[in-house]
Visitor: 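Input: one structure, supplied below.
Each ligand, and each atom within it, is numbered from 1 in the order the structure gives.
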Amino acid sequence: MNQSFNFQINNQFTLNLPADPLQEVFPRQVEGAAFSYVIPQKTQQPSLVSLNKPLALQLGFTAEDLSDDGIAEVLTGNKIIAGMQPYSMNYGGHQFGQWAGQLGDGRAINLGQIETEKKGLQTLQLKGAGKTPYSRHADGLAVLRSSIREYLCSEAMYHLGIPTTRALSLCLTGDKVNRDMFYDGNPQLELGAVVCRVSSSFMRFGSFQLPAMRGDKKLLKEMVDFSIEQNFPHLGEPCTEVYLKWYQEISEKTCQLIVEWMRVGFVHGVMNTDNMSIIGETIDYGPYGWIDAFDLTWTPNTTDAQGKRYSFGAQPEIGQWNLFQLGNAIYSLIDDAVPLNKILNDYATNYEQRWLKMMQAKLGLDDLDLDKQGLDELASEADAVLINRLEKLMMNTEIDMTMFYRVLSSLPKQTEPELTEPEQAELWQEHFRNCFYEEEKLADNYFEGFANWLNDYQQRLSKNNSSESERMQAMNAVNPKYVLRNYLAQQAIEKAEKGDYSMIEELLQVLQTPYTEQKSCEHFAEKRPAWAKNKAGCSMLSCSS
Ligand code: AMP
Ligand code: MG
């Protein structure tokens, strides 16, 4: 194996923050430290399943490094590149609304931070590389199926233009891992895997909550100062005023992230505060899911099936709840609840405004440029009413979200001479036929509400300034044609478990340009087939991974 890997390693996290003095791996409470040094576990037979070459090159891997047989050794943690000092991060979190105390990287090990030309410092993190002091009762490992889900979804999200941690590689370890996938007392041996993921920060809301809950103000301040210096340097030197600006920016980033999730129909599934990135990225892909039939109450996570705390439509409010916990955590650095509360309240108004703008874009509704004072606001209110009506209709008609918005962009205009209402409705029924999951919901009595809405929608479109083709183009730039549908990920997993990785590569390829029609990939844009409706992995997922 060659020894190039000429990264510019710059381990700012471990250099600037206090380390756990113990270096043995056994489950424990780690106090007064931001991380523990940990060596990844050696594995039987590491092998590469998929490598994200464009990202690897951006990070400074050379073509030679990538063709090296030993690359899988590096990307599973079997071989440590000189200068890297692997560590796991210490953090806490609220899980499903309850304070859970110390959690930490139970199966994540950071290899180190490297300087990159375009993105500054980037941290490489292995997920599933063995036990750490934070593993509690668990094994620190990950299986192939959940690793494929993380690998594919990070990249799908990135190419949709949504902030996310990236995925550099997916490797098999050659070890078997015992998992009770359905929590029904029937554990199976599954293939062990490691994903190497990349971000400019893996700090979470829970990174600040843990020292705060322990009353360790010194560590809390060190962590906040570090986060500002590393990832928010434009805010200035850390001080009370800058702490508030930091909190405000995190609030805005979180708000924007959730607006984006709502745009594409992504449901994270476990929005615990330990899974909330401090830089506003999508992080920790577990039992996430993508909306097929539009349903604000849908949650992909079996653990959440009763409470529906993390359902699609609950995400914006949960974002605010999580921000409230972060605000509590940094309160001692600010000592004034008023500005913190203001930021938290602004989140709700901000969300409403950004959501409305996003939905107007999805529907191709131009800004109306009304010059009389007050009319702008009235026009937005009217748009909000139109949008809310649509969501209600979609909830009742089981309509595929992704397909609907694409098909809407090419809605046939009312033709001349004017059609009668039933003739018009029939035309529309045909136009949207394929987006419906239940044929009966297309029946005239159901469809009537839809036809009324389409009528009002077309009237609203007639006030647009842009041309029809401009509208269509603009709509197709925010309404993806291809998303990582739950059943597609599951199909890729089932093939990979039999040693066929071709679908992983096919999906990566098509999801690279999700807004562009790709004639040979129509099958990846089809709605969920009937067989997948209640199949595990395609509809609901457990946290077992
Ligand atoms: P999650 O909600 O999946 O992000 O995980 C919650 C906590 O459980 C985190 O602290 C994880 O590091 C930890 N965890 C999850 N799976 C494992 C595992 N197989 N081994 C050790 N720790 C784990
Ligand atoms: Mg997590």
Visitor: Are Tyr310 and Phe96 close enough that their ring centres sit under 6.0 Å apart?
Guide: yes
Visitor: Suppose we measure from atom 17 (C) of ligand 1 to each protein heavy atom; which comes out shortest, and what is that distance?
Guide: Arg107 NE, 3.6 Å
Visitor: Please determine if Arg145 and Glu497 form a salt bridge, counting it only when a charged side-chain N lies under 4.0 Å from a carboxylate O.
Guide: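 Here Arg145 does not pair with Glu497 in a salt bridge, since their nearest N and O are not under 4.0 Å apart.
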Visitor: Kindly report the OD1-the Mg ion (ligand 2)-OD2 angle for Asn275 and Asp284 respectively, rounded to 10°.
Guide: 80°
Visitor: Which of the numbered atoms in ligand 1 are under 4.0 angstrom from any heavy atom belonging to Leu141?
Guide: 19 (N)
Visitor: Can you check which of Arg204, Arg136, Lys131, Gln102 brings a heavy atom nearest to atom 13 (C) of ligand 1?
Guide: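 Heavy atom nearest to atom 13 (C) of ligand 1 belongs to Arg136.
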Visitor: I'd like to check which ligand 1 atoms, numbered from 1 as shown, lie under 4.0 Å from a non-hydrogen atom of Gln95.
Guide: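 Under 4.0 Å from Gln95, ligand 1 has these atoms: 6 (C).
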Visitor: Can an N or O of Asp274 be found at a distance shorter than 3.5 Å from an N or O of ligand 1?
Guide: no
Visitor: Checking Asn11 against Gln85: is there a side-chain donor and acceptor pair closer than 3.5 Å?
Guide: no
Visitor: Compute whether any side-chain donor of one residue and acceptor of the other, for Gln209 and His94, lie under 3.5 angstrom apart.
Guide: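 Looking only at side-chain atoms, His94 and Gln209 do form a donor-acceptor pair, the distance falling under 3.5 Å.
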Visitor: In terms of residue, atom name and distance, what is the protein heavy atom nearest to atom 1 (P) of ligand 1?
Guide: Asn275 ND2, 4.0 Å
Visitor: Under 4.0 Å and counting heavy atoms only, is there anything from the protein next to atom 5 (O) of ligand 1?
Guide: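 Looking at atom 5 (O) of ligand 1, one finds that no protein heavy atom lies closer than 4.0 Å.
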Visitor: Is the shortest distance from a Lys or Arg side-chain nitrogen in Arg28 or Asp20 to a carboxylate oxygen in the other one below 4.0 Å?
Guide: yes
Visitor: By number and element, which atoms of ligand 1 are closer than 4.0 Å to a non-hydrogen atom of Asp284?
Guide: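 In order of number, 4 (O).
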Visitor: Cut-off 3.5 Å, side chains only: do Ser50 and Glu505 have a donor facing an acceptor?
Guide: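 The criterion, which ignores hydrogens and geometry beyond distance, is satisfied for Glu505 and Ser50.
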Visitor: Is atom 8 (O) of ligand 1 close to the protein, meaning a heavy atom under 4.0 Å from it?
Guide: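 It does; a protein heavy atom is within 4.0 Å.
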Visitor: Taking only Lys NZ, Arg NE, NH1 and NH2, and the carboxylate oxygens of Asp or Glu, determine whether Asp284 and Arg204 approach each other closer than 4.0 Å.
Guide: yes
Visitor: Under 4.0 Å from a heavy atom of Gly140: which atoms of ligand 1 are those, numbered in the order shown and with their elements?
Guide: 18 (C), 19 (N), 20 (N), 21 (C)
Visitor: Does Tyr288 have Arg149 sitting over its ring (NZ/CZ under 6.0 Å from centre, angle to axis within 45°)?
Guide: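 The answer is yes, since Arg149 meets both limits relative to Tyr288.
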Visitor: Are Phe266 and Phe312 close enough that their ring centres sit under 6.0 Å apart?
Guide: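 Ring centroids of Phe266 and Phe312 are no less than 6.0 Å from each other.
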Visitor: Go through ligand 1 atom by atom and flag the ones less than 4.0 Å from a non-hydrogen atom of Arg179.
Guide: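 With Arg179 as reference, the close atoms of ligand 1 come out as 19 (N).
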Visitor: For atom 10 (O) of ligand 1, which protein heavy atom lies nearest, and how many Å away is it?
Guide: Gly104 O, 2.6 Å
Visitor: For ligand 1, does Thr132 get within less than 4.0 Å through its side chain, its backbone, both, or neither, judged by non-hydrogen atoms?
Guide: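 It is neither; nothing of Thr132 touches ligand 1.
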Visitor: Side chain or backbone, does Gly106 bring an N or O within less than 3.5 Å of an N or O on ligand 1?
Guide: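 Min N/O separation from ligand 1 is below 3.5 Å for Gly106.
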Visitor: Any donor-acceptor pair under 3.5 Å linking the side-chain atoms of Ser146 with those of Tyr285?
Guide: no
